[in-house]
Amino acid sequence: MKKISFYTLGCKVNQSDTASMEKLFRDAGYEIVPFDEPSDICLINTCVVTNVGQGKSRRMIRRTIKREPKPLVVVTGCYPQTAPEEVASLEGVDLIVGTQDRGRIVELVEDRLQADEAAPLNDVHEMPKGTEFEELAAAVDESRDRAFLKIQEGCDQYCAYCIIPYARGHLRSRSLDSIRRETERLTAEGYREIVLIGIHLGCYGKENPDGPRLSDAVKAALSVPGVARIRLGSLESVEVEEALLDLMMQDSRLCAHLHLPLQAGCDRTLKAMHRPYDTATFAALLQNIRSRVPHVAITTDVIVGFPGETEEDFETSLQFCEACGFSKIHIFPYSRRQGTPAAAMPGQLSNREKQDRVHRLEAVDARGNAAYRKSLTGLDSTVLWERRNEAGFWEGFTPGYVRVYCRDPRENLEGIITPVHLENLFEDGLLGVIINN
């Protein structure tokens with residue numbers, strides 16, 4: 001039995017792809033071992049969303065090549081997809097695979113194991129419009145209660161700062177039948193929460209003008225008997241369908257949580273970024289969502305220090321973020337990414353300026369998070385319990401992804417969803433009491 005280890009850089013979609021490849025190797029009879037242990041094959045799933053991510057990917061590849069005894073080194077993901085010659089030039093790389101053909105990864109590795117030539121086997125190829133969605137099995141998180149089901153791939157938006165459309169190709173989507181089948185499998189295996197994810201999730205089905213939409217994908221997942229929770233990954237604000245909000249109101253199994261990347265709270269910066277909305281549109285959307293879905297959690301991403309962002313622009317963005325009342329802001333200092341329009345823009349900010357702005361936005365995030373948690377005190381909700389911590393508290397998450405702590409004498413609540421009364425703020429979440437029906 002050959003041993004294989006995996007190392008993943010980057011986003012949840014990358015982590016999902018890695019877990020899917022792990023399953024393929026496990027089903028083929030390989031032993032999966034930790035990356036820091038000796039193995040016959042090392043697979044590195046790379047990231048290029050920033051120059052820092054690409055640099056980390058390159059360093060990890062070089063470090064792996066130097067191992068003794070040397071394993072078969074496989075490099076997959078966005079780095080070989082965007083720079084196949086650069087990856088192939090790293091002496092000691094044996095196989096490179098981009099962001100397609102992961103379903104054939106076992107076959108490709110075995111072909112390389114049997115090959116005599118020293119040059120790496122290059123399986124990277126372009127993904128023109130019409131490329132089919134690669135239907136890999138779903139991934140699971142560390143709790144083993146939550147699964148990530150990728151239902152969409154690719155992006156056609158081409159924001160000024162982003163290389164992902166070049167790395168992931170054009171829009172393509174998993175079929176409704178496949179979503180239903182995979183949800184059935186995951187539910188039968190005991191997963192209590194299924195997170196639907198994609199590179200541009202809100203564009204599910206939009207490669208076909210007459211195709212299904214994200215609300216149809218959610219309905220397909222919810223149609224499975226016994227499914228306990230469906231959660232949505234990140235989606236663009238302009239793609240929030242009314243039908244999706246209707247589902248969120250009608251079916252409590254669809255978590256009342258929307259992650260809507262804002263990226264900047266200043267119209268001038270949004271225009272420079274090539275984002276498809278302005279702050280007035282975004283604010284009106286939030287008002288509509290909150291009027292339709294009580295106590296909905298709205299989280300976001302914000303980039304600070306975009307080229308040309310003045311102090312006045314940033315102050316405008318700060319005030320807008322404060323007014324939006326996000327339950328969580330994921331903050332990213334702008335990272336110059338070669339190959340994108342923003343990399344050549346004038347007005348590049350220093351790291352010191354960007355870090356200063358990060359800290360100022362962190363204060364806004366802390367206030368918004370505390371305010372959202374406080375708004376839930378005194379209410380009833382449900383919690384998917386995941387683990388008992390060292391202090392003896394059970395920990396789990398509400399549909400809005402707020403952490404809840406509970407002292408309960410029961411031996412094991414792991415993987416169980418219970419109704420909970422939310423009492424007060426506690427540490428980074430809320431203190432709750434299980435409601436015994």
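Keep in mind the model is a prediction, meaning the values are calculated, not measured.
A distance of 13.0 Å separates CG in Asp17 from CZ in Phe148, rounded to the nearest 0.5 Å. Atom CD1 in Ile435 sits 10.0 Å away from atom OG1 in Thr382 (nearest 0.5 Å). Atoms CG and SG, on Leu286 and Cys324 in that order, are 5.0 Å from each other to the nearest 0.5 Å. Taking NE2 from His257 and OG from Ser327, the interatomic distance works out to 5.5 Å, rounded to the nearest 0.5 Å. Glu353 contributes atom CD, which lies 6.0 Å from atom CZ of Arg357 (distance to the nearest 0.5 angstrom).
Shown here for Cys42 and Arg67, the closest heavy-atom pair between the two residues is SG-NH1, 3.4 Å. Shortest non-hydrogen contact noted between Leu95 and Pro120 is N-CB, 4.3 Å.
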Stepwise side-chain hydrogen bond (donor to acceptor under 3.5 Å, both in side chains) test for Asn45 and Thr8: CA-CA 5 Å; Asn45 196 5; Thr8 308; 5.0 Å; no
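Using a cut-off of 4.0 Å between Lys/Arg side-chain N and Asp/Glu carboxylate O, Arg360 and Glu311 are scored as salt-bridged. Salt-bridge annotation for Asp177 and Arg180: present, with a side-chain N of the basic residue lying under 4.0 Å from a carboxylate O of the acidic one. A salt bridge does not link Asp156 to Lys206: none of the charged side-chain nitrogens sits closer than 4.0 Å to a carboxylate oxygen. Under the 4.0 Å criterion applied to side-chain N and carboxylate O atoms, Arg185 and Glu182 are assigned as salt-bridge partners.
In this structure, the side chains of Leu361 and Val364 come closer than 4.5 Å at one or more pairs of heavy atoms. When side chains are defined from C-beta on, Arg275 counts as touching Gln157, because their heavy atoms get closer than 4.5 Å.
Classification of the Tyr7-Phe35 ring pair by plane angle, with boundaries at 30° and 60°, yields tilted. Between Phe282 and Tyr277, the ring-plane angle classifies as tilted under the 30° and 60° cut-offs. Using bins of under 30°, 30° to 60° and over 60° for the plane-to-plane angle, the ring pair Tyr405/Phe426 lands in the perpendicular bin.
Here Ser173 pairs with Gln152, Tyr204, Glu207 under the side chain to side chain contact (heavy atoms under 4.5 Å, CB included) rule; sequence neighbours left out.
Taking the six-membered ring for Trp and the full ring otherwise, the centers of Tyr166 and Tyr158 sit less than 6.0 Å from each other.
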